[in-house]
Engineer: 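To start, I am sharing the structure in question, which I have written as structure tokens.
Source: prediction; values computed, not measured. The first residue in the sequence is number 1, and the count goes up from there. As the structure lists them, so they are numbered: ligands from 1, and atoms in each ligand from 1.
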Amino acid sequence: MGRAFVYVILGGGVAAGYAAVEFARRGVAHGELCIISEETVAPYERPALSKGYLLPEAPARLPSFHTCVGANDERLTPKWYKEHGIELVLGTRVKSADVRRKTLITATGETISYKILIIATGARALKLEEFGVRGSDAENVCYLRNLADANRLVAVMQACTGGNAVVIGGGYIGMECAAALATNRIKVTMIFPEAHCMARMFTPKIAEFYENYYKSKGVKFIKGNVLTSFENDSEGKVKAVILKDGTHLLADMVVVGIGIRPNTGLFEGQLHLEKGGIKVNGRMQTSNTSVYAVGDVAAFPVKLFGNEVRRLEHVDSARKTARHAVAAIMTPKTTGDLDYLPFFYSRVFTLSWQFYGDNVGNVIHYGDFNSGRFGAYWTYKGVIVGAFLEGGSREDYEAIAKAVRFKAAVKDTHELESAGLEFALRA
Ligand code: FDA
Ligand code: NAD
């Protein structure tokens, strides 16, 4: 027993929503396309979960942030899928896949077959247990990957007003959740192993600005340290965290953001993998011609970086790789290789930054780090390869993106430093 579709999208996150809108625009017939998702809701803009969803007042709630509102496009509610004849198979985990037979088997035993499969399974949050720490299943320890996690985090947070939160990890989740917790009047201590926050992206100078800003909001930092164990109360709730150097910190709640693992498991041994993800070509096609992969799970060649294969864990990449895969499937003759400009951003408190390109080579900071109008360029072999800007306008961000996209030539780094943002605006 089973169902058959021409196109199946496996996973119902950001990439699935953008693939669906693209299929609809290109004219998919009713009953040809299905989306299978472990989540119980239609695709939504995942970034909202660590921002608007955690606001103390007028928080964002579905259906307001279904895809594709994040790209100022149509909002795809369950009704939209129905009207377009796109089957949403929700609350359903696929437990095995056979790419030779072109079948998927769900946890309830149903076989779903396809002619073309798009893998959009995203990633899962790494657990502390994977680093040898036990007890992160306690009810006041939160991870944040999906809506269920966000609902739990909101409930724990609301029960903790005025209390102490410990945030483990100094990456995106750590930074955005720490800001949200502080905004909810919770005392926050952040702990991470590196010398400064956002170590994969920020320079020490950029990190210093954000850490100082967070400190002005009451957030404390413990750097170069990791958690080794939890101390629990008689009900099993965490009441303190113990660090490697023996420090004891009282905690009414804990938020953990220590990275992710792409969900490749169903396809290991069947498709080529690279950089921890499923390897695809510039048309998002895997080593099996009937199977495409997009979003967090896909490792694809970035033309701008000389076709170096990258796996980008960010929403813009999920949206654009998804749209490109559908273009390659529906109009193969006119669709070439994706020419993607890597784009990252975050919004915390009243701050907001964007970064384009790659943070390699020589870094040149500019602007005023006291007033919060600053940025940085990364140069390599005499051209701009990366650009960061805090607090820019739309025009400013477009200008830095363009400087990276067109590899603006840098003759003199001192001139670049003194021109600052003007360099990009003039380029
Ligand atoms: P995504 O994780 O969105 O979706 C994967 C889907 O597959 C899920 O619905 C999952 O349940 C499903 N699935 C997996 N295995 C399955 C199986 N076996 N059977 C059925 N279903 C299965 N990025 C950014 O650039 N700016 C930002 O501000 C943020 N903010 C942000 C906040 C938070 C809280 C998170 C967790 C992440 C971000 N991101 C971000 C990252 C961004 O959200 C991420 O890159 C995209 O969601 C990736 O989209 P995908 O569709 O690839 O995976
Ligand atoms: P991350 O990779 O950004 O940061 C992981 C952090 O975990 C590291 O910075 C490090 O400080 C810490 N860490 C690693 N091992 C540790 C250990 N053993 N003990 C303590 N700390 C440890 O990952 P994340 O913050 O968990 O984010 C998860 C995913 O969500 C990423 O793909 C990220 O891109 C995405 N996300 C993106 C945004 C955004 O782009 N604005 C916002 C939220 C989430």
Side-chain angles (χ1 to χ4, degrees), residues 9-19 35-51 53-54 67 70 89-97 104 106-107 118-126 128 130-133 143-150 153 167-177 180 190-194 196-202 223 225-228 243-244 255-267 277 293-298 311-319 321-322 342-348 352-355:
I9 302 171
L10 170 52
V14 172
Y18 284 78
I35 295 177
I36 312 172
S37 178
E38 202 171 356
E39 292 188 79
T40 53
V41 293
Y44 57 89
E45 302 285 357
R46 201 165 300 282
L49 299 183
S50 53
K51 302 175 191 68
Y53 209 83
L54 305 181
T67 56
V89 183
L90 300 179
T92 303
R93 191 172 70 83
V94 167
K95 70 164 203 290
S96 69
L104 305 171
T106 69
I118 300 183
I119 303 168
T121 46
R124 65 172 180 84
L126 282 171
L128 279 170
E130 293 166 74
F131 295 89
V133 177
Y143 291 87
L144 182 56
R145 182 70 203 178
N146 55 35
L147 195 66
D149 295 337
L153 174 54
V167 173
I168 310 290
Y172 287 95
I173 292 283
M175 292 300 279
E176 293 186 4
C177 288
M190 289 188 72
I191 298 158
F192 46 84
E194 297 91 353
H196 63 75
C197 68
M198 294 289 293
R200 284 200 295 165
M201 162 72 63
F202 290 176
K223 303 189 258 185
N225 211 331
V226 288
L227 165 120
T228 50
L243 309 187
K244 198 174 171 187
V255 177
V256 186
I258 55 170
I260 60 165
R261 272 288 172 281
N263 291 318
T264 56
L266 294 171
F267 301 97
V294 295
D296 278 12
V297 80
R311 201 179 52 69
L312 300 169
E313 302 168 356
H314 290 271
V315 76
D316 182 65
S317 159
R319 292 169 180 156
T321 54
F343 166 47
F344 312 87
Y345 72 91
S346 183
R347 291 192 301 272
V348 287
S352 168
W353 59 260
Q354 297 195 5
F355 174 85

Engineer: In the protein, which heavy atom is nearest to atom 12 (C) of ligand 1, and how far is it?
Structural biologist: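 Of the protein heavy atoms, G11 CA, 3.6 Å lies nearest.
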Engineer: What is the minimum heavy-atom distance between S50 and E176, and which atoms define it?
Structural biologist: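 S50 and E176 have their closest heavy atoms at OG-OE1, 2.6 Å.
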Engineer: In terms of atom number and element, which parts of ligand 1 are under 4.0 angstrom from non-hydrogen atoms of A120?
Structural biologist: 5 (C), 6 (C), 7 (O)
Engineer: Below 4.0 angstrom from a heavy atom of G295, which ligand 1 atoms are there? Numbered from 1 as shown, please.
Structural biologist: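 Those atoms are 52 (O).
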Engineer: With no hydrogens and no angle check, is any side-chain donor or acceptor of T264 less than 3.5 Å from a backbone partner on G277?
Structural biologist: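 No, the answer is negative, given that no donor and acceptor are paired below the 3.5 Å cut-off.
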Engineer: Among residues at least two apart in sequence or on other chains, which ones pass salt bridge (charged side-chain N to carboxylate O under 4.0 Å, His left out) with R124?
Structural biologist: E130
Engineer: Okay, side chain of D316, backbone of F343: is any donor-acceptor separation there less than 3.5 Å?
Structural biologist: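 No; zero donor-acceptor contacts below 3.5 Å.
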Engineer: Tell me which protein heavy atom sits closest to atom 53 (O) of ligand 1, plus the residue, atom name and distance to 0.1 Å.
Structural biologist: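 That would be G122 CA, 3.2 Å.
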Engineer: With rounding to the nearest 0.5 Å, note down the distance linking CG in L312 to CZ in F344.
Structural biologist: 5.0 Å
Engineer: Counting each atom of ligand 1 from 1 as listed, which ones have a heavy atom of E39 under 4.0 Å away?
Structural biologist: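 Ligand 1 atoms under the 4.0 Å threshold to E39: 8 (C), 9 (O), 11 (O).
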Engineer: Can you check whether L10 has an N/O within less than 3.5 Å of an N/O in ligand 1?
Structural biologist: no
Engineer: Report, in ascending order of atom number, the atoms of ligand 1 lying under 4.0 Å from any heavy atom of Y345.
Structural biologist: 24 (C), 25 (O), 26 (N), 27 (C), 28 (O)
Engineer: I'd like to know whether I191 forms a side-chain contact (heavy atoms from CB on, under 4.5 Å) with L227, so could you lay out the CA-CA distance, the side-chain angles of the two residues, the decisive distance to 0.1 Å, and finally the verdict.
Structural biologist: CA-CA 8 Å; I191 298 158; L227 165 120; 5.6 Å; no
Engineer: Of all heavy-atom pairs between A298 and A293, which one has the smallest distance, and what is that distance?
Structural biologist: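 Smallest heavy-atom distance, with atoms named: CB-O, 3.5 Å.
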Engineer: Please confirm whether I173 approaches ligand 1 to less than 4.0 Å, judged on its heavy atoms.
Structural biologist: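 Yes, I173 has heavy atoms under 4.0 Å from ligand 1.
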Engineer: For atom 32 (C) of ligand 1, what is the nearest protein heavy atom, given as residue, atom name and distance?
Structural biologist: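 Going by distance alone, atom 32 (C) of ligand 1 is nearest to S50 OG, 3.2 Å.
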Engineer: Of the protein's non-hydrogen atoms, which lies at the shortest distance from atom 2 (O) of ligand 1, and what is that distance?
Structural biologist: R145 NH2, 2.7 Å
Engineer: Going by the rule side-chain contact (heavy atoms from CB on, under 4.5 Å), which residues pair with L266 if we only count those two or more places apart in sequence or in a different chain?
Structural biologist: L10, V94, A97
Engineer: So, taking the atom named CG in D296 and the one named OG in S317, what distance separates them when rounded to the nearest 0.5 Å?
Structural biologist: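 Here the interatomic distance stands at 7.5 Å.
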Engineer: Any idea which heavy atoms bring F202 and H196 closest together, and the distance?
Structural biologist: O-CE1, 3.1 Å
Engineer: Taking 4.0 Å as the limit for heavy-atom contacts, which would you say applies to L266 with ligand 1: side chain only, backbone only, both, or neither?
Structural biologist: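 It is the side chain that gets close, since no backbone atom is under 4.0 Å.
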Engineer: Between Y172 and H314, is the ring centroid distance below 6.0 Å?
Structural biologist: yes
Engineer: Going by heavy atoms in the side chains, are S37 and T92 under 4.5 Å from each other?
Structural biologist: no
Engineer: Checking the N or O distance criterion of under 3.5 Å, is ligand 1 in contact with V315?
Structural biologist: yes
Engineer: Counting non-hydrogen protein atoms only, what is the nearest one to atom 21 (N) of ligand 1? Give residue, atom name and distance.
Structural biologist: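 Going atom by atom, the protein heavy atom closest to atom 21 (N) of ligand 1 ends up being E38 N, 3.0 Å.
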Engineer: Under 3.5 Å, side-chain donor or acceptor atoms of residues 38-45 against the rest of the protein: list the pairs with distances, not counting sequence neighbours.
Structural biologist:
residue, atom, partner, partner atom, Å
E39, OE1, Y44, OH, 2.5
E39, OE2, R46, NH2, 2.8
Y44, OH, R46, NH1, 3.0
Y44, OH, L147, N, 3.0
E45, OE1, R319, NH2, 2.9
E45, OE2, Y18, OH, 2.5
E45, OE2, V69, N, 3.4
E45, OE2, G70, N, 2.9

Engineer: What distance do F267 atom CZ and I119 atom CD1 have between them, rounded to the nearest 0.5 Å?
Structural biologist: 3.5 Å
Engineer: Return a yes/no value for R93: is any of its N or O atoms, backbone included, closer than 3.5 angstrom to an N or O of ligand 1?
Structural biologist: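 Looking only at distances, the answer is no, because the N/O contact criterion of under 3.5 Å is not met.
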Engineer: Return the closest protein heavy atom for atom 40 (C) of ligand 1 as residue, atom name and distance.
Structural biologist: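 That would be P47 CG, 3.8 Å.
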Engineer: Which residue and atom name correspond to the protein heavy atom nearest atom 35 (C) of ligand 1, and how close is it?
Structural biologist: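 Atom 35 (C) of ligand 1 sits closest to the protein heavy atom R46 CG, 4.0 Å.
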Engineer: Is there a side-chain contact between P47 and Y345 (heavy atoms, below 4.5 Å)?
Structural biologist: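 P47 reaches Y345 side chain to side chain.
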Engineer: For ligand 1, is there an atom lying under 4.0 Å from some heavy atom of T106?
Structural biologist: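 It does not; every heavy atom stays at 4.0 Å or beyond.
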Engineer: Could you please provide the protein residues found below 4.0 Å of ligand 2 on a heavy-atom basis, arranged by chain and number?
Structural biologist: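 For ligand 2, the contacting residues are F131, I168, G169, G170, G171, Y172, I173, E176, F192, P193, E194, R200, V226, G257, I258, G259, I260, E313, H314, Y345, S346.
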Engineer: Numbering the atoms of ligand 1 from 1, which are under 4.0 Å from a heavy atom of E313?
Structural biologist: 41 (C), 45 (O)
Engineer: How far is atom 17 (C) of ligand 1 from the closest protein heavy atom, and which atom is that?
Structural biologist: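 For atom 17 (C) of ligand 1, the nearest protein heavy atom comes out as V94 N, 3.8 Å.
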Engineer: Find the distance between CD1 (I35) and CD1 (I118) and round it off to the nearest 0.5 Å.
Structural biologist: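 If I round to the nearest 0.5 Å, the distance is 9.0 Å.
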Engineer: Could you measure the distance from the SG atom of C197 to the NZ atom of K223? Nearest 0.5 Å is fine.
Structural biologist: 7.5 Å
Engineer: With backbone taken as N, CA, C and O and side chain as the heavy atoms from C-beta onward, which portion of D296 lies under 4.0 Å from ligand 1: side chain, backbone, both, or neither?
Structural biologist: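 The part of D296 near ligand 1 is both the backbone and the side chain.
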Engineer: Can you tell if the side chain of V226 reaches within under 4.5 Å of the side chain of L243, non-hydrogen atoms only?
Structural biologist: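 No, their side chains stay 4.5 Å or more apart.
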Engineer: So if I count the atoms of ligand 1 from 1 in the order they appear, which ones are less than 4.0 Å from some heavy atom of L144?
Structural biologist: 34 (C), 36 (C)
Engineer: Tell me whether A15 has any N or O atom under 3.5 angstrom from an N or O of ligand 1.
Structural biologist: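 Yes - when backbone and side-chain N and O of A15 are compared with those of ligand 1, one distance drops under 3.5 Å.
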Engineer: Compare N146, L104, T92, L147 and give the one whose heavy atom is closest to atom 20 (C) of ligand 1.
Structural biologist: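 Among N146, L104, T92, L147, the closest heavy atom to atom 20 (C) of ligand 1 comes from T92.
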Engineer: Which atoms of ligand 1 have any heavy atom of K51 under 4.0 Å away?
Structural biologist: 27 (C), 28 (O), 29 (C), 30 (N)
Engineer: Rounded to the nearest 0.5 Å, how far apart are CD1 of I260 and OH of Y143?
Structural biologist: 14.5 Å
Engineer: Taking a cutoff of less than 4.0 Å between a non-hydrogen atom of the residue and any ligand atom, is G12 in contact with ligand 1?
Structural biologist: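 Checking ligand 1 against G12, which is what was asked, there is a heavy-atom contact under 4.0 Å.
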Engineer: Suppose I only count heavy atoms of A318 and a 4.0 Å limit; which atoms of ligand 1 are within that range?
Structural biologist: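 Close to A318: 48 (C), 49 (O).
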Engineer: Counting heavy atoms only, which of D149, T264, T121, V89 comes nearest to atom 14 (C) of ligand 1?
Structural biologist: T121
